[in-house]
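What follows is a set of notes on a single structure, which appears directly below.
All figures in this text were calculated on a predicted structure; none of them were measured in a lab.
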Amino acid sequence: MVTTQQTKEICEIIRLKSTQVFLVAGTCLITVMVTLLCIGFMTRYEVENDVANVADVDYWKDRVAPSQKIWYDKGIDELNEALRPHDLTYPKNVRIFVILGIDGRDLAAFRFPTRDTSRGNTNFIWDQFPHLARLKNSCSQQFPCQVASVSRALWLGIPLDKVPENQQDCGRLFNATQEPISILRQAQLAGLRTGFVTTQRITGPTGAALGNTNGHYECDERMPRSSIKSGCQDIAQQLILGETGKSLNVLIGGGRQMLSSLVPNTKYDPVDELLCESNDGRNLLKDWRTKKLRESKINPIIFDLIQRRDELESLNSSSFDYLMDVMANGDLSGNSKAPSLKLMVEKSLNVLIKYKQGYLLIVEQFIPLGSDKGQQLQLLNDTLVNLHKDPDTLTLVLMTNAIYPKPSLDVSEETETISLLPEIFNEAESEIRKRLHQIPSESLLFAQGPKSSIFQGVRKETFLAHAVSHVLSRSRARP
C-alpha cells in the first residue's frame, strides 16, 4: 500500500516537472521565433531604406586591380554618405543663398581654375551637399520676359505665366489679404524671425518680390505724376513702410538713393546715375528709425540703423531685435568700402538666432557683368564654410542665370551680348532676341540639412517656394 502511494506521488512530481519543462521549452521556442521575426523585419527595413555603415559597403575587391583598389577604398566614405537613411525630422531654420549670374557651365569651369589639371579641382562646399535639384527656367520660353515676374514666380510660388500683373493704378491697398504673399511674409505670419541680405539694392527685383510690393518703379523719379497724385507708392516706400518690410528683423543691402533724396556722393560710393534717384524730399531711413522708436515705447525692442562697414564690424548684433544696414547708394558693387558677404551674413544670423524661435534668412549675391566670377564663387564658399554647423537648419544654395537684371533694363544674361550679334549673324536684333529666349536654361539648387532630401530631380521654379513653405510649416509644430 505504501509502495503504491509513493508511486503516485512520484508520478505527480514527474508530471508537474514535465509541465514545467513543456512551459519552459515553449517559452524558449516563442522567444526564438520572435527574435527571428525581428531580425527579418530589421533586415527588410535596412534593404528598403538603404541603411548601411562603412563596414556594410563592399565591392568586388578581388576583381579590381591594385591601382583601382586605393580609389575604391577612398570612395567608400562618399558611398556610405549616399546610403544613409533620410532624415525624418524637419528643420527649425532655413537659410537660402541665391547667386545671380552663375550656371552649371560656370561651376564646371571654375572647379579647374587653371589649365594645370594636376593641381586638382576646387572643392566648393556646396559640392558636398547630399542633394541637388534642377529648377526649370520658364523665362527661356517667354518673350519678352520681365525680371520682376521671374522673381515673383520664384518667391510667391506662382507659375510665371500666372503671376499677377503689376498694377499701374495704385488705388488699391498694397499688401492686402487678397494679394499673393511671398514665403518671407508667410514665415513672419507663422512667428518666425526673418532677414533679407543682398549685395544688390534692397529695392531690386528680389527685394520687391519678397516684400510683396506692387508697381514698376523703385523710387519716385520715373513714376508718372498722375500715379503719384493718385496715391501710388513706389517700391522703396512699400518695402520700408509695408507690413513685410516693417516686420523684417534684418534688412541689409544697397539702394540708399532710392530711400533718401539727399545722399552723400563720394569717390568710393558715387550716386549710380543708371538707377532711380529719389527727388521728392523723402528720408525713408529716418522714417524707419522713427517708427521703431515709437514701437520701442510700447514694446521694448533694441534696433539700429547703420550705413558704414566699420559700424557693422563693431556691432554686437546678437543683442538686437531689428537691424537695418544700407551700405551703398546703388548696388554694393558700386561702393569700394562695402562690407563682405561673410560679415553681413554673420551679423544677420546673430540677430535672427537671438530668441531661438526659428528663422528664415534669404541671402542674394548679385554678380555684376564683367566681374571675376571665380572670385565671387570663392567669396560665397568662404561665407558658407564659416557658417555654424546647426543640425536644425536647412541650407539651400540656388545658382541661376535666369534672374539677371542690369540697371537700365531688366533682362536675363543671355541678352547681354545682343548688341554685338546682329553684326555677326547679319540678322535683325528682334529675331536674335527671340532665339536667345528660346535657349533652355536651368538653375541648380544644392541642399543640406533636415529634409534636404525633398530637393532632388527636375522641378518647376515654383517648387522652391512650395517646399520651403512646407518644411517651415511643419517645423512650427515641433515641441
Side-chain angles (χ1 to χ4, degrees), residues 78 81-82 91 94-113 121-141 145 147 150-151 153-155 157 159-160 183 197-200 205-206 209 341 345 361-369 371-385 387 393-405 412-414 416 436-437 439-468 471:
E78 185 175 344
E81 180 69 25
V94 175
R95 303 182 291 215
I96 306 176
F97 292 82
V98 185
I99 298 83
L100 307 183
I102 293 291
D103 59 14
R105 293 171 298 177
D106 294 320
L107 281 178
F110 290 110
R111 286 193 182 97
F112 293 91
N121 64 315
T122 300
N123 294 315
F124 294 123
I125 187 171
W126 50 84
D127 290 336
Q128 303 172 24
F129 286 12
H131 297 102
L132 169 66
R134 301 181 73 95
L135 300 186
K136 301 175 184 177
N137 172 23
S138 300
C139 193
S140 295
Q141 306 301 321
C145 186
V147 176
V150 177
S151 296
L154 187 68
W155 300 114
L160 186 61
I183 57 172
V197 177
T198 178
T199 61
Q200 202 183 18
T206 301
L341 181 68
V345 171
L361 173 63
I362 299 176
V363 180
E364 176 187 49
Q365 184 183 19
F366 177 74
I367 301 180
L369 289 171
S371 61
D372 188 338
K373 292 185 177 181
Q375 183 182 30
Q376 294 293 321
L377 285 173
Q378 193 58 53
L379 291 174
L380 173 65
N381 190 76
D382 294 342
T383 301
L384 293 172
V385 168
L387 290 179
T393 300
L394 171 65
T395 301
L396 304 175
V397 178
L398 175 65
M399 299 194 178
T400 179
N401 260 336
I403 317 170
Y404 204 96
S412 60
E413 189 197 24
E414 291 122 341
E416 289 291 332
L436 288 177
H437 275 276
I439 298 176
S441 63
E442 292 179 338
S443 304
L444 300 178
L445 180 59
F446 300 85
Q448 181 183 54
K451 284 302 171 188
S452 63
S453 58
I454 67 177
F455 296 94
Q456 55 184 316
V458 180
R459 306 293 182 184
K460 297 178 180 179
E461 57 210 343
T462 55
F463 179 76
L464 176 62
H466 301 164
V468 172
V471 297

Are L384 and Q448 packed together at the side-chain level, in the sense that at least one heavy-atom pair is separated by less than 4.5 angstrom? no

Would you say K451's side chain and A467's backbone share a donor-acceptor pair under 3.5 angstrom? no

Is any side-chain heavy atom of L387 closer than 4.5 Å to a side-chain heavy atom of F97? yes

Gap separating the CD1 atom of I96 from the CD1 atom of I183, nearest 0.5 angstrom: 4.5 Å

By ring pair (Phe, Tyr, Trp, His ring centres under 6.0 Å), which residues pair with F463, not counting sequence neighbours? F455

Does the pair F129 and T395 meet the rule for a side chain to side chain contact (heavy atoms under 4.5 Å, CB included), with working shown? CA-CA 9 Å; F129 286 12; T395 301; 4.2 Å; yes

Heavy-atom side-chain proximity of V458 to K136 below 4.5 angstrom: yes

Min side-chain heavy-atom separation F446-D127 under 4.5 Å: yes

Locate the shortest heavy-atom distance separating Q376 from S371; write the atom from each residue and the value. CG-OG, 4.4 Å

Look up atom OG1 in T400 and atom CD1 in I102, then write down how far apart they are to the nearest 0.5 Å. 10.5 Å

Qualifying residues under side chain to side chain donor-acceptor pair (under 3.5 Å), relative to T198, sequence neighbours excluded: E364

Test item: D382 side-chain N/O and V385 main-chain N/O as donor-acceptor pair under 3.5 Å: no

Do L464 and L445 have side chains that get closer than 4.5 Å, going by heavy atoms? yes

T206 vs L154, test: side chain to side chain contact (heavy atoms under 4.5 Å, CB included). Steps then yes/no. CA-CA 9 Å; T206 301; L154 187 68; over 6 Å; no

If you round to the nearest 0.5 Å, how far is CD of E461 from NE2 of H466? 10.5 Å

What's the spacing between K373 NZ and L107 CG if we round to 0.5 Å? 10.0 Å

Counting C-beta onward and ignoring hydrogens, is there a side-chain heavy-atom pair between I454 and V471 closer than 4.5 Å? yes

How about L341 and T383: do any of their side-chain heavy atoms sit closer than 4.5 Å? yes

Calculate, to the nearest 0.5 Å, the distance between atoms CD1 and CZ belonging to I99 and F366 respectively. 13.0 Å

Side chain to side chain contact (heavy atoms under 4.5 Å, CB included) assessment of V397 paired with I125: CA-CA 10 Å; V397 178; I125 187 171; over 6 Å; no

With a 4.5 Å cut-off on side-chain heavy atoms, are L444 and R134 touching? yes

Is the backbone of S453 close enough, under 3.5 Å, to the side chain of Q456 for a donor and an acceptor to pair up by distance? yes

Would you please test L377 and M399 for side chain to side chain contact (heavy atoms under 4.5 Å, CB included) and show each step? CA-CA 10 Å; L377 285 173; M399 299 194 178; 4.1 Å; yes

